[in-house]
Amino acid sequence: MPDASRPTFGDLQIEMAHGAGGSASRRLLEGLLVPLLSNPALNALGDSAILDVNGQRLAFTCDSFVVKPLTFPGGSIGRLAVHGTLNDLLVSGALPVALLASFILEAGFPGEALRRHVEALAEAARGAGVPVVGGDTKVVENGKGDGLYITTSGIGIVRPGLRLGPDQVRPGDRVLLSGPFGDHGITILLARGEVDLEADLESDSRPLTPLVSALLEAVPEVRWMRDPTRGGLASALNELSQQSSLAVILEEKALPVRAPVRGACELLGLDPLQIANEGQFLAVVPPQQAELALDALRGAPGGEEAAMIGEIRESPAGLVIAETDYGGSRIVDMLIGDPLPRIC
């Protein structure tokens with residue numbers, strides 16, 4: 001019997017919104033790709049596929065990067081390609097072991113620019129202690145690409161005994177966030193020079209290794225983790241609420257967002273909760289261990305601004321609700337459209 005909760009895909013053509021991580025992306029993924037490629041590992045729809053190989057649980061993931069511009073305050077496409085893939089493994093509870101990197105090059109792309117981006121990728125991989133063990137290169141005609149695209153794949157070993165997923169989440173659990181959100185998406189927007197706005201802001205691109213390790217060492221009973229990249233916190237938490245059939249209730253005043261991000265979003269009519277991140281993650285933990293988990297995050301390098309932002313409730317099932325400072329509430333929807341294309 002068809003799953004009535006699964007979106008259907010009837011779009012006449014692919015639009016930029018299908019790559020934004022919001023509702024159009026969900027239609028493409030769950031309405032077309034997953035049904036055609038269906039298998040238990042894929043159907044879990046995690047940041048990584050978890051496979052049992054001779055009794056060893058392995059995590060596999062891949063990601064493609066088409067960010068524009070290629071270099072921006074706080075990062076570059078090479079750094080993103082490493083951090084994005086490593087973080088998908090880390091929030092799946094895996095210790096990253098190795099990476100693959102594939103480069104799609106446009107004819108005419110400057111060789112020196114390519115060297116700089118590969119050096120940045122190599123430096124990020126060395127800094128994380130994870131080698132790039134293989135990959136591929138392809139070249140397309142001039143005018144048929146956009147200089148450079150990178151796809152990275154990663155493999156990791158899942159921590160013994162750790163079980164993460166929407167099915168592990170329970171009413172009463174608390175929702176934690178590792179730090180301020182929205183920095184990456186707004187940084188990319190400003191770096192393009194398309195908006196007459198200046199802000200002291202840079203991408204949060206970084207490996208989540210110290211933060212995830214500190215959390216899991218303090219609270220091995222973590223229920224769920226996710227890095228909210230495309231579509232931001234809104235998409236990640238909506239996926240959680242829909243897959244768990246529970247409600248995510250956010251405390252708006254507890255949400256850590258920097259003033260430049262908030263200001264840019266107000267000026268442009270954007271919701272910070274829908275803006276992409278590259279160096280933060282969400283976690284759901286049992287209520288009795290929430291303070292311990294928060295202390296562990298704040299004690300780890302880069303986690304000083306971690307916050308407890310909400311809780312899981314039974315209803316309204318399948319929805320994310322933000323409770324405002326004034327006693328009201330609002331529904332936090334998945335991103336619709338693509339106000340910030342090509343941000344990762």
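Grouping Ile, Leu, Val, Met, Phe, Trp and Tyr residues whose side-chain heavy atoms lie under 4.5 Å apart, directly or via other members, leaves L335 alone, with no other cluster members.
One side chain, S178 or Q280, offers a donor N or O that lies under 3.5 Å from an acceptor on the other. Side-chain contact of N43 with S38: a donor-acceptor pair under 3.5 Å is present, judged by distance alone. Residues H83 and S205 bring a donor and an acceptor atom of their side chains to less than 3.5 Å of each other.
Judged purely by atom type and a 3.5 angstrom limit, N39 uses its side chain to pair as donor or acceptor with the backbone of L37. Of the possible donor and acceptor atoms, none in the side chain of D88 sits under 3.5 Å from a partner among the backbone N and O of T61. Put simply, the side chain of R230 gets close to the backbone of G19: a donor and an acceptor are under 3.5 Å apart. Checking side-chain atoms of S23 against main-chain N and O of M334 turns up no donor-acceptor pair under 3.5 Å. Under the 3.5 Å distance criterion, the side-chain polar atoms of E311 are left unmatched by any main-chain donor or acceptor of I249. Of the possible polar contacts, one joining the R206 side chain to the G279 backbone as a donor-acceptor pair under 3.5 Å is found. Using a distance-only test at 3.5 Å, with no hydrogens or angles considered, no donor-acceptor pair links the side chain of E202 to the main chain of P73.
Under the 4.5 Å side-chain heavy-atom criterion for Ile, Leu, Val, Met, Phe, Trp and Tyr, I77 and L99 are members of the same hydrophobic cluster. Cluster annotation: L319 is not connected to L246 through the hydrophobic network of ILVMFWY side chains, with a link wherever side-chain heavy atoms come within less than 4.5 Å. Following chains of ILVMFWY side-chain contacts shorter than 4.5 Å, one cannot reach I336 starting from F9, and the two form parts of different hydrophobic clusters. Hydrophobic clustering (ILVMFWY, side-chain heavy atoms < 4.5 Å, transitive): V66 and L28 are in distinct clusters. Grouping the Ile, Leu, Val, Met, Phe, Trp and Tyr side chains by contacts below 4.5 angstrom, directly or via other members, places F281 apart from I309.
The only option from L90, V91, V212, N277 that meets the side chain to side chain contact (heavy atoms under 4.5 Å, CB included) definition with D227 turns out to be V91. Screening V130, V82, N87 for a side chain to side chain contact (heavy atoms under 4.5 Å, CB included) with P96, the sole residue that qualifies is V130.
Taking the centre of each ring, H117 and F103 stay at or above the 6.0 Å mark.
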Original post:
Can you list the steps and then say if L294 with L176 is a side chain to side chain contact (heavy atoms under 4.5 Å, CB included)?
Top reply: CA-CA 7 Å; L294 186 59; L176 275 60; 4.3 Å; yes

Original post:
Is there a side chain to side chain contact (heavy atoms under 4.5 Å, CB included) between L268 and L189 once you walk through the steps?
Top reply: CA-CA 11 Å; L268 299 171; L189 174 68; 3.2 Å; yes

Subject >> Residue pair L237, V332: steps toward the side chain to side chain contact (heavy atoms under 4.5 Å, CB included) verdict >> reply: CA-CA 9 Å; L237 292 174; V332 178; over 6 Å; no

**OP:** Go through the steps for V175 and W224 under the test side chain to side chain contact (heavy atoms under 4.5 Å, CB included), then give the verdict.
**Re:** CA-CA 9 Å; V175 182; W224 173 91; 5.8 Å; no

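The two residues N238 and A234 make their nearest non-hydrogen contact at ND2-O, 2.8 Å. Residue V139 comes nearest to A107 through the heavy atom pair CG1-N, 4.0 Å, listed as atom of the first residue, atom of the second, then distance. When every heavy atom of L297 is checked against every heavy atom of A306, the shortest pair comes out as CB-CB, 3.7 Å. Smallest separation of non-hydrogen atoms from V97 and P131: O-CD, 3.4 Å. Between G22 and S235, the closest heavy-atom pair is CA-OG, 3.8 Å. A81 approaches T152 most closely through the heavy-atom pair O-OG1, 2.7 Å.
Residues R298 and E304 are not paired through a salt bridge, judged by the lack of any N-O separation under 4.0 Å between the basic side chain and the carboxylate. Using a cut-off of 4.0 Å between Lys/Arg side-chain N and Asp/Glu carboxylate O, E278 and R79 are scored as not salt-bridged. Between E252 and R262 there is no salt bridge, since no side-chain N of the basic residue sits under 4.0 Å from a carboxylate O of the acidic one. A salt bridge does not link D200 with R258: every distance from a Lys NZ or Arg NE/NH1/NH2 to an Asp or Glu carboxylate oxygen is 4.0 Å or more.
We find the CD1-SG distance between I188 and C344 to be 9.0 Å, quoted to the nearest 0.5 Å. Atom CD of residue E119 and atom OG of residue S76 lie 10.5 Å apart, to the nearest 0.5 angstrom. A distance of 7.0 Å separates OG1 of T71 from CZ of R116, quoted to the nearest 0.5 Å. In this structure, Q56 CD and L58 CG are separated by 5.5 Å, a value rounded to the nearest 0.5 Å. To the nearest 0.5 Å, atoms CG (L250) and OG1 (T324) are separated by 12.0 Å. We find the CD1-CD distance between I321 and E251 to be 15.0 Å, quoted to the nearest 0.5 Å.
Taking the side chain as every heavy atom from C-beta outward, L177 and L233 approach each other to under 4.5 Å. Residues I186 and C265 have side chains in contact (heavy-atom distance under 4.5 Å, counting atoms from C-beta outward). Proximity of V67 to I343: side-chain heavy atoms (C-beta onward) are nowhere separated by under 4.5 Å. Between S48 and F60, the closest side-chain pair of non-hydrogen atoms is not below 4.5 Å. Looking at V261 and I275, their side chains never come closer than 4.5 Å, going by heavy atoms from C-beta outward. Side-chain contact between R57 and L51 is absent, with no heavy-atom pair separated by less than 4.5 Å. In this structure, R26 and Q242 have side chains that are in contact, with non-hydrogen atoms separated by less than 4.5 Å. With contacts defined as side-chain heavy-atom distances shorter than 4.5 Å, the pair V222/V284 does not qualify.
The environment of Q288 atom CD is dense: over 12 non-hydrogen atoms of other residues, nucleotides or ligands sit within 6.0 angstrom. Surrounding CD of E221 are more than 12 heavy atoms belonging to other residues, nucleotides or ligands, all under 6.0 Å away.
Sorted by first then second residue, the side-chain hydrogen bond (donor to acceptor under 3.5 Å, both in side chains) pairs that include residues 124-151, not counting sequence neighbours, are S64-T151, D136-K138, D146-R342.
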Donor-acceptor pairs under 3.5 angstrom involving side-chain atoms of residues 153-173: please list them, not counting sequence neighbours.
residue: R170; atom: NH1; partner: D167; partner atom: O; Å: 2.8
residue: R170; atom: NH1; partner: Q168; partner atom: O; Å: 3.3
residue: D173; atom: OD1; partner: R223; partner atom: NE; Å: 3.4
residue: D173; atom: OD1; partner: R223; partner atom: NH2; Å: 3.3
residue: D173; atom: OD2; partner: R170; partner atom: N; Å: 2.8
residue: D173; atom: OD2; partner: R223; partner atom: NE; Å: 2.9

